[in-house]
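Inspection log for the structure reproduced underneath, given as structure tokens.
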Amino acid sequence: MEERMKKKVIVIDDSRTARQCVTTVLVEAGYDVIEAEDGVDGLAQIARNQDASMVICDLNMPRMSGLDVLVALRASKAVVPPFLMLTTEAQPSVVQRAKDNGARGWVIKPFKPDLLLATVRKLAV
Amino acid sequence: VESRDWEHINEIVVGCAEALFSAVGLPIRRASHTEEVVGASPQMLSLIGFGGSQLRGAVLLSASRPVLERSYPIRHADAVSDDDLRDWSAELVNQLLGRIKNQLLSRGVTIQLSTPTAISGVQIVVGAAWTNAACVPHRFDVGAERLSMRFEAVASDNVVLADGGMDEPALGETDILLF
């Protein structure tokens, strides 16, 4: 019998530990995870994995911020999977900018694994 | 900045450190001693800068290997590597300044964060980055181990902390907001 394809989630964070925390939760729940270490790498992975079900992205990263990733994706007019920000940032104007540029949700670090997983299950396409 | 405001800022800094380490499963207690402890055991030192029109500076976190190992969020069968602990130390200082930023925001002070960095070594002694910076070291006991933190900042002349409620963060730690 053909095995059902696992949903693929792209996790973008410059902290390897933060990425692994998210990856551990998602892999245990049956997702495939692609990791990217900053916004530039994240954009490349999104382009390379157009079947991704979702993106989870940090905000404050070297080379390219999470907000800049969103802006670049919006400018490219590409079909973008649901985009969730995972960050320590909670400034209302920054949250609003992300929302205006297509983000679907915002999670404050440190995250609660069960809540993050529930969010992924709700948003992943 | 009024000295009363520096006291408030330092209360925020200490409160954020205690909340952060509690959240990562490692309760810390403010130490009664104030002297710099330069141990011979390996230390990890992480640093993140911040900028803004009202306040600019840096936060520095110094912890021994056992402190970081005990708070490390991923369970490994093998010992955690120095690379992993440096990365975790950088993430901790990033999350610490994120909390401080959100508290300052509600007091009418906006700062922007840089990205963190971390180094490891022994007998690391750090001097103040700027001669005109206010710098208050904070020391914590973590069981028999110690953790120290410094918040140093230069303020513009007209910075006054509001009583609160200026620009409340959109959400708090561990919260999730869906659009």
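Naming: A, B, ... by sequence-line order, numbering from 1 per chain.
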Lys/Arg N to Asp/Glu carboxylate O, E91(B) vs R16(A), below 4.0 Å: no
Partner residues of D100(A) under the salt bridge (Lys or Arg N to Asp or Glu O under 4.0 Å) criterion, sequence neighbours left out: none
Taking the side chain as C-beta and beyond, is there a heavy-atom pair between S114(B) and N60(A) under 4.5 Å? no
Taking all non-hydrogen atoms of both residues, which atom of N102(B) and which atom of A90(A) are closest, and how far apart? OD1-N, 3.3 Å
Answer with side chain, backbone, both or neither: which region of L116(A) has an atom nearer than 4.5 Å to a non-hydrogen atom of chain B? backbone
Quick one: does D175(B)'s side chain have a donor or acceptor within less than 3.5 Å of a partner on I108(A)'s backbone? no
What's the spacing between K99(A) NZ and F179(B) CZ if we round to 0.5 Å? 6.5 Å
Starting from I74(B), can I reach F21(B) by hopping between I/L/V/M/F/W/Y residues whose side chains sit under 4.5 Å apart? yes
Mind checking what makes side-chain hydrogen bond (donor to acceptor under 3.5 Å, both in side chains) contact with S65(A), not counting sequence neighbours? D68(A)
Hydrophobic cluster membership, I46(A) vs V9(A), 4.5 Å side-chain cutoff: no
Verify the cluster assignment for L177(B) and V120(A): are they in a single hydrophobic cluster under the rule of side-chain heavy atoms below 4.5 Å apart? no
Answer key: most heavy-atom pairs under 4.5 Å with chain B among A98(A), P62(A), G105(A) is G105(A)
Are there residues of residues 69-77 of chain A whose heavy atoms fall under 4.5 Å of chain B's heavy atoms? If so, which? none
Could I get the full list of salt bridge (Lys or Arg N to Asp or Glu O under 4.0 Å) partners for D87(B), not counting sequence neighbours? none
Would F111(A) end up clustered with V95(A) when hydrophobic side chains under 4.5 Å apart are linked, directly or stepwise? no
Does a sphere of radius 6.0 Å around NZ in K112(A) hold more than 12 heavy atoms from other residues, nucleotides or ligands, not counting ones at 6.0 Å or beyond? no
How far apart are the closest heavy atoms of P73(B) and T17(A), and which atoms are they? CG-CG2, 3.6 Å
Which distance, rounded to the nearest 0.5 Å, do you find between the CD of E89(A) and the CG of N94(B)? 10.0 Å
Nearest heavy-atom neighbours spanning M61(A) and T115(B): C-CG2, 3.6 Å
Is A103(A) in contact with chain B via its backbone, its side chain, both, or neither, using a 4.5 Å heavy-atom distance? both
Measure across G98(B) and T88(A) and return the closest heavy-atom pair with its distance rounded to 0.1 Å. CA-OG1, 3.6 Å
Separation between NZ of K122(A) and CD1 of I176(B), rounded to the nearest 0.5 Å: 11.5 Å
Please determine whether residues I12(A) and Y31(A) belong to a single hydrophobic cluster, defined as Ile, Leu, Val, Met, Phe, Trp and Tyr linked transitively by side-chain heavy-atom distances below 4.5 Å. no
Sort L178(B) into side chain, backbone, both or neither according to what part of it lies under 4.5 angstrom from a heavy atom of chain A. both
